[in-house]
Every structure is written in C-alpha cells, then in structure tokens.
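Report on one structure; see the data block that follows.
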Amino acid sequence: DKYVYETQFDVQQLIQQANVSATLQTLTGDTIYEVVDILFISVDNVQTLAYKMEIDGDFTSGNDGAYIEDTPLGDVTGKLDIEYQGEDLIRVRDLAVINSDFTLDVTFDPYNLGGFLRQNLATISFDTSYDPPKEKYDFPLHTGDQWYMEFFSSTVAGGSSDYFDPNEFDTAGPENNSWQITANGVPVEDNKNIKYTGCDDSYKINEWNTTGVSQGFNWYCPAVRYNSWMRVS
C-alpha cells in the first residue's frame, strides 16, 4: 500500500534550534508512505504487530523563498530544497508511532548570484523512539475530540554540516503531547483544496507539545487512509 500526502514542511524551528540566521518560507511538496513489511517486534517485552513504512519526500521553498546569512557567498537569497528519506515503525492496532528514523539532505541555490552555485548545507539524520508508542490517533474519531498522553522520547541525531553540529539535536526526556480534531470534511489549507480525490470526509488532527508549541497537523482520511494534507514542524 502507498499513501500520498500533499505536504507543508515548516523548518523554521529546526533553523532556530541550529542557531542559523535564516528566513524561510514553508516548504512544499509530496510525501509518499509505502508499507514495505508487516512484522512482529518486541515493545516493552510484548510481541507487537507493526507496519514498516518507507517514506520519501522532496520539498522546496520555491525561487527566492529562502534568505540565509553568513554563508561563504555572503548573505544570499535563493531556493532551499530538502530531500527526506525515512522509515517508521507503526503499531498496527492503533497506528501509534514506535520509532521514526529519517535523513534530511539540505541544499541551497543562491539565485541572486546567478543560480549556478548550489550549496550543500547539511545532511542530518534523526532516530527517535517513543516509550510507550506515541498515539497520534484516538479511535473512533469525532470533530472536537481532544486527547493527550505522556511518553518518553529519545532522539539520536547525526550527519554533517558546515553551519552547525547535528549532534546538538540529541534529546531525551519525558513528553506530554496533546491532540485535537479541529475540522471535518474536504481537506483545505490556505484556501486551497488538495489535488487528490476520495477524501471528502477527512479529519484535521493538530498536535502540540507540552509547552503548547505546534508539532504540525495532518488530515486523516478514514475511507482510504491516503491523499491528504500534512504539515510537519
């Protein structure tokens, strides 16, 4: 099975955490999820059936959608592109996230310098585990539903960059995230409908961390479980 999400990728929090001076538009593109295996794994010493999902996405700020300071070329405006490749382990019975492992390849085309000096800004990897698995859905779904859960999250980061140390993204500690279903119907974002069909009865599910900072949203399509909007932060 494959699932396609029309995606808005907000990297501003990532940029701030890396202490990089930059201004970016929200990146856009498609994300493709594919079930490549269904297997039993041990979760807290319990045999648990899980989906192994391969994830691929290409996102761009568009021309002149990024402004980055203090590069080897000076302060420049151009296009930021991110290639996303990852693998998630998802618990079958409730679609809770057990583990998320992905890599971001970040490149920048400085258009105000002619558009031919592409810069490789970073290759960053994130391997995050959740204990217990993070329940992003609370079935059955109804508009207005709210839920939260406590879990322990551990992220091991790596990679390379001339602008920051990817290992600074390592984190580990307790979390207490919350979710709310804020809309139901045809997925619409920024007054735009998705280009796909078949999801006229979708649910918009927003997520926040314990301090109230948005962790993104996605539109869940109960009929076919694909073809919807997703925004990640």
Side-chain angles (χ1 to χ4, degrees), residues 1-11 14 27 29-59 82-106 122-141 147 149-159 166-167 169-173 175 177 179 187 194 196 198-199 202-203 205 207 209 215-233:
D1 289 346
K2 286 188 178 182
Y3 312 92
V4 182
Y5 285 86
E6 193 165 344
T7 306
Q8 298 174 341
F9 193 6
D10 187 352
V11 297
L14 188 68
L27 281 65
D30 280 356
T31 308
I32 300 174
Y33 287 70
E34 181 177 2
V35 180
V36 296
D37 199 1
I38 303 175
L39 69 162
F40 279 102
I41 62 173
S42 178
V43 177
D44 293 330
N45 297 317
V46 176
Q47 283 287 89
T48 302
L49 194 62
Y51 298 118
K52 180 185 288 187
M53 311 282 292
E54 285 189 355
I55 308 168
D56 291 285
D58 292 292
F59 316 113
I82 292 182
E83 180 182 351
Y84 182 114
Q85 291 185 312
E87 180 181 284
D88 282 3
L89 286 174
I90 307 294
R91 190 165 59 192
V92 168
R93 66 179 174 84
D94 60 358
L95 303 185
V97 183
I98 301 168
N99 190 86
S100 178
D101 184 7
F102 65 90
T103 298
L104 305 177
D105 287 320
V106 186
T123 298
I124 321 169
S125 62
F126 299 86
D127 189 350
T128 303
S129 59
Y130 301 98
D131 184 19
K134 185 168 71 167
E135 298 177 16
K136 299 174 61 176
Y137 306 98
D138 187 20
F139 298 105
L141 303 178
W147 66 95
M149 72 169 296
E150 298 177 352
F151 55 89
F152 189 91
S153 173
S154 177
T155 298
V156 177
N167 294 316
F169 292 105
D170 285 358
T171 60
E175 302 283 349
N177 286 16
W179 292 263
I194 60 171
Y196 315 116
C199 287
S202 296
Y203 294 93
I205 304 174
E207 179 180 356
N209 68 14
Q215 302 300 289
F217 66 78
N218 73 281
W219 282 87
Y220 176 83
C221 182
V224 291
R225 290 192 185 173
Y226 73 97
N227 296 353
S228 198
W229 277 98
M230 173 175 64
R231 180 167 180 152
V232 290
S233 299

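As a basis for the values below, the full set of heavy atoms in this structure was taken, side chains included, without hydrogen atoms, waters or symmetry mates. Computed from a predicted structure; not experimentally measured.
With hydrogens and angles disregarded, no donor-acceptor distance shorter than 3.5 Å links the side chain of W179 to the backbone of D138. Under a 3.5 Å cut-off, the side chain of D170 and the backbone N or O of A157 do form a donor-acceptor pair. Not a single donor-acceptor pair under 3.5 Å links the side chain of D44 to the backbone N or O of V46.
Annotation for S153 and E175: closest pair CB-CG, 3.8 Å, computed over non-hydrogen atoms. Considering every non-hydrogen atom in both M149 and P133, the closest pair reads CE-O, 3.4 Å. The minimum heavy-atom distance between P166 and G158, with the atom names listed, is CB-O, 3.3 Å. When every heavy atom of F151 is checked against every heavy atom of P132, the shortest pair comes out as CB-O, 3.6 Å. Pairing each heavy atom of K136 with each of I205, the nearest pair is O-CG2, 4.0 Å.
Remark: of the listed residues F139, Y5, Y203, Y3, F139 is the sole one forming a ring-ring contact (aromatic ring centres under 6.0 Å, His included) with Y220. With I82 as the fixed residue, the side chain to side chain contact (heavy atoms under 4.5 Å, CB included) test singles out one of V106, D105, I124: V106.
In this structure, D30 and E6 have side chains that are in contact, with non-hydrogen atoms separated by less than 4.5 Å. Contact annotation: the side chain of K134 approaches that of E207 to within less than 4.5 Å [non-hydrogen atoms, C-beta and beyond]. In this structure, Y137 and N218 have side chains that are in contact, with non-hydrogen atoms separated by less than 4.5 Å. The shortest side-chain heavy-atom distance between V97 and I90 falls under the 4.5 Å cut-off. Between K52 and L39, the closest side-chain pair of non-hydrogen atoms falls below 4.5 Å.
Here D58 contributes atom CG and T7 contributes atom OG1; the two are 10.5 Å apart, rounded to the nearest 0.5 Å. Between the CD atom of E54 and the OH atom of Y33 there is a distance of 13.0 Å, given to the nearest 0.5 Å. Here E135 contributes atom CD and N177 contributes atom CG; the two are 12.0 Å apart, rounded to the nearest 0.5 Å. Taken from OG1 in T31 to CG in D56, the straight-line distance is 9.0 Å, to the nearest 0.5 Å. Rounding to the nearest 0.5 Å places CG of D101 at 10.5 Å from OG1 of T155. In this structure, the separation between OG on S154 and CG on D131 is 10.0 Å, given to the nearest 0.5 Å.
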- Dump the intermediate steps for side chain to side chain contact (heavy atoms under 4.5 Å, CB included) on F59 and L104, then the final yes or no. CA-CA 10 Å; F59 316 113; L104 305 177; 5.9 Å; no
- Message: Before you tell me yes or no, could you show the steps for Q8 and F217 under side chain to side chain contact (heavy atoms under 4.5 Å, CB included), namely the whole-Å CA-CA distance, both residues' side-chain angles and the distance that decides it to 0.1 Å?
- Response: CA-CA 10 Å; Q8 298 174 341; F217 66 78; 4.1 Å; yes
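A donor atom on one side chain and an acceptor atom on the other are not found under 3.5 Å apart for S129 and N99.
Enclosure of atom CG in D1 is not indicated, since only 12 or fewer non-hydrogen atoms of other residues, nucleotides or ligands lie within 6.0 angstrom.
Ring planes of Y84 and F102: parallel class, angle under 30° (limits at 30 and 60°).
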